[in-house]
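Computed from a prediction, not measured in an experiment: that's the story for all the values here. A, B, ... follow the sequence lines: proteins, then strands. Residue 1 opens every chain.
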Amino acid sequence: MNLDFLNESQRQAVLLTDGPIMLLAGAGSGKTRTLVARIQYLLEEKRVSPFQVLAVTFSNKAAREMRERLAANAQVNVGALQVTTFHAFCAKVLRMEGAYLGLSKNFTIYDDGESQSIIKALLAKHGINQKELSPYTVAAYIDGLKNLGYYIGLARNEDVEKYAEDRRMWDLFLEYEAELHRSNAVDFGGLITGILNLFRSFPEVQRKYQDKFKYVLVDEYQDTNRAQFEMILLLSEAHRNLCVVGDEDQSIYSWRGADIRNILDFEKVFSEAKLIKLEQNYRSSKKIIEAASEVIARNVARKGKQMWTNNDEGDEIKIVECRDDRAEAEYVAQQIKLIANEGVSLKDIAVFYRNNAHSRTIEDALRKEKFPYRVVAGIKFYDRKEVKDMISYMRIVVNKKDSLALTRIINTPARGVGATSLRKLEDEAVRLQLSLFELIEKIAEAPHEYKHLSLSGKVQSAINQLVHLVQEVQVLENQNHSPTFSYEKLLNESGYYEFLRADKTYEGAARLENLEELMSAVKQFEESETEPNLVKFLETITLDTTVEEQTGELISLMTVHGSKGLEYPYVFLIGAEENIFPSYRSLEIGPSAIEEERRLFYVAMTRAMKQLTISFAQGRMLWGSLKFNGPSQFLQEIPERYYKWISYQTGPKRSSEYGSKSYDDFDQSPESSDDAVFYKEKVYQTKRTSSTSNYPSGSKILHALYGEGTILDTEGMGQEEKVTIQFRDGIRKKFMVKFAPLQKL
DNA sequence: GTTGCGCAGATTTTT
DNA sequence: TCTGCGCAAC
């Protein structure tokens, strides 16, 4: 196999096939290329059977990309390779070995929302007010435990109570797990800990999988949590042919349990591990790479890589100071117009923002210029009510212990089974230790035995019909009938279709359309699988929520998180302001959180290939009032030689009533100078000449928003000067002097 | 069941 | 300022 297309470190990474190895792969360093080459090398040169290779990634996107590249390059049976996500891999193993843990093959996978529904019910049962202890908090605690690798049987209250902010959480954890088990269901975290439990409790099972997968590769290693790390360890501790690839500088999901220590401590766990750094960047211009490197170098929690590139010097980064958020959006739209006029394709342009809320101003501005765009990962398709409802119908067919699913649809569409009847049924189910569906099945079978429930005739017949329908579809399922057929049957005979059709509003029509889309998803699934069934379909859509993306001549809009793994020639990053990026939360939490924000900022910068434009607004409409946050601290971490400072002060005036109507004045903005560059570009004056501050510590000032205050501290000088001010009521704020509306007293 | 009011809260969201 | 929710009343 010819490895000439790889650079020296990449080749090393391919050739060191045996023993533990960690690849630290910087942004744009050809990580996937290397990983694919390594697998290909294992198969073609080392004659490893494709059945013995396991490659796990975190996201479906990455798994898919790797699979596609392998299929394109290797002359091997790619279908035999296991290239999947952590969760899909665990689900697969649990479906086969679940019996050891008392799980049957058809278990349901609950997503975060469903977990919270279970918790809500538990809280209600205990009469705990949701304001006192929110379902979210409990869910986060439970998920946190699972991310750390705890499961019932391993965790003891003494070990984990330190993570709980409320004594009741432990009991809720136990009850939650019991409820999931009763429902023959597993949540996301439970997929991983289920494997830990399985392998540790049944070493013969562990041995089987250890023997099977002689070579294990982990991509996106920086995003793994402790539990996933332990699972990998259990799989590879015997043969130790483990290759992990990651970039500690791109770890941006710690709030989801990703543990950067998995990277930082890898060599502690595998003392014989080889470490290879991929530091050559093939993506971006020199200016961009060097500037990004300078920024990320400020982080302490890193192994340290020195990125470099042979690419051109490239344009300077543009840092654009705008008067407000609308001027910023307008600037971006105008710039895109200029670039597009030069012949750049719109699909080579992306706009990133720190949070979804900021897409709106950009969307408005792009619409005004009639630019087509797509918002990546907006509202989730599978989160829509009607879609969840139909999924619940399918779920109850597949898993009759899934009481959550039945609760959802027992009265949707309305069949007269109201809250009171449902309560009666639930109580009876608990008393008889049956799932809700098992109970109504019995009721349908022998109604006279359930007279004591005194169900109305309406409820009785609703139950009969529903049970009948579900059983019929179950039969179809057992006979391996087409999932599409089952879906249609459920949709029509449940009355759901009629119910939506009766809704003549625009919304009703949209819901119907969504259900049609769901049907085409079923159809598409059916065509892609050799043995399609509802269990597999349901698993696929809970573990892989990616919907087909719009492609074509479109500008891409997305959050910075969403941009990970992508690249664009022209990148605009908006909202580079304190309290936004870094977020106010991270500023509250402190240094480690700010480091993660910095990594996020680094991710954003390194997406850009040719041109990077970072903008901030002096004033931004936020939470109903105009906020003056000042430029992001990360901007000051970019050395001057890499950027050009642009001040965009023209554009629409913000009318006194900012809001929906005020776009009128936007329309009257200087359209006349359409083609001309009608903003003033000026290179930022960086006079570092020391001058005494106008605001020495201890002096009194008046702030336009916060009122009177006392200067506590000053840092920087001239244009960069920042002051920390103590206001009344203990409010303490830091401002850039040049932006803050301050007055000396 | 649906509508409407009041109130809190308002990052990121691979699975 | 806007939204989403829980709860109360129709």
Side-chain angles (χ1 to χ4, degrees), chain A residues 56-65 84-91 109-116 120 124 129-131 134-136 140 143 146-147 186-192 219-225 227-228 250-258 352-358 360 376-380 382-383 411-420 499 503 539-546 558-566 575 579-589 593 596-597 599-601 603-604 620-627 657-660 662:
Chain A
V56 276
T57 72
F58 212 95
S59 71
N60 290 291
K61 201 162 80 179
R64 212 169 293 131
E65 191 185 339
T84 47
T85 64
F86 272 99
H87 297 268
F89 172 73
C90 294
I109 301 169
Y110 282 164
D111 68 19
D112 294 348
E114 285 143 0
S115 299
Q116 278 188 48
K120 246 182 227 173
N129 191 304
Q130 292 193 23
K131 276 167 201 150
S134 78
Y136 177 84
D143 192 50
K146 294 186 178 189
N147 286 160
V186 182
D187 59 14
F188 285 140
L191 288 170
I192 316 288
D219 192 13
E220 299 177 290
Y221 183 63
Q222 74 278 355
D223 293 330
T224 55
N225 59 40
Q228 288 155 347
Q250 292 188 63
S251 169
I252 56 176
Y253 284 104
S254 72
W255 47 279
R256 278 303 224 156
F352 302 158
Y353 31 82
R354 178 62 180 79
N355 27 222
N356 285 118
H358 296 138
R360 224 205 65 208
V376 178
I379 348 96
K380 281 183 224 110
Y382 294 107
D383 273 355
N411 201 32
T412 313
R415 344 179 136 80
V417 188
T420 331
F499 165 69
D503 182 353
E539 176 172 317
T540 308
I541 60 173
T542 39
L543 292 185
D544 185 1
T545 51
T546 42
M558 64 191 83
T559 64
V560 183
H561 281 89
S563 76
K564 204 190 79 174
L566 304 174
N579 294 318
I580 292 177
F581 202 176
S583 71
Y584 72 95
R585 278 263 167 90
S586 66
L587 290 166
E588 273 169 16
I589 297 167
E596 176 140 327
E597 294 283 316
R599 291 193 288 269
L600 195 55
F601 198 82
V603 166
R620 180 176 298 272
M621 212 47 171
L622 223 51
W623 300 352
S625 58
L626 198 55
K627 292 280 184 337
E657 19 78 69
Y658 180 87
S660 44
S662 54

Contact state string [nucleotides 2-7 of chain B, B base, S sugar-phosphate only, - no protein heavy atom under 4.0 Å] = ------

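- Partners of A:Lys564 by side chain to side chain donor-acceptor pair (under 3.5 Å), not counting sequence neighbours, listed by chain and number: A:Asp223.
- Listed by chain and number, the residues in a side chain to side chain donor-acceptor pair (under 3.5 Å) with A:Tyr110 are A:Asp402 (sequence neighbours excluded).
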query = Just by protein heavy atoms under 4.0 Å, how would nucleotides 3-10 of chain C read 5' to 3' in B, S and -?
reply = --------

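- Nucleotides B:dT12 and C:dC5, compared at atom P, are 15 Å apart to the nearest Å.
- Contact detail for A:Glu596 and A:Trp255: the closest heavy-atom pair is OE2-CD1, 3.3 Å.
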task = Determine, for nucleotides 10-15 of chain B in 5'-to-3' order, which nucleotides have protein heavy atoms under 4.0 Å from the base (write B), from only the sugar-phosphate (write S), or from neither (write -).
result = BBBBBB

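- The distance from the CZ atom of A:Arg354 to the CG atom of A:Leu600 is 5.0 Å, given to the nearest 0.5 Å.
- If you take CG of A:Asn579 and P of B:dG9, they are 19 Å apart, rounded to a whole angstrom.
- To the nearest 0.5 Å, atom CE of residue A:Met558 and atom CG of residue A:Leu566 are 5.5 Å apart.
- Partners of A:Glu114 by side chain to side chain donor-acceptor pair (under 3.5 Å), not counting sequence neighbours, listed by chain and number: A:Lys388, A:Arg395.
- With A:Phe581 as reference, A:Phe601 is the one residue of A:Tyr353, A:Phe601, A:Phe352 to meet the ring-ring contact (aromatic ring centres under 6.0 Å, His included) rule.
- Here the options are A:Leu543, A:Ile541, A:Asp187, the test is side chain to side chain contact (heavy atoms under 4.5 Å, CB included), and the partner is A:Ile109; only A:Leu543 passes.
- Within the 4.5 Å cutoff, side-chain heavy atoms of A:Asp143 are placed close to those of A:Arg256.
- Remark: side-chain polar atoms of A:Glu539 are not paired, donor with acceptor, to backbone N or O of A:Ala91 under 3.5 angstrom.
- Separation of the P atoms belonging to C:dC2 and B:dT13 is 23 Å when rounded to the nearest angstrom.
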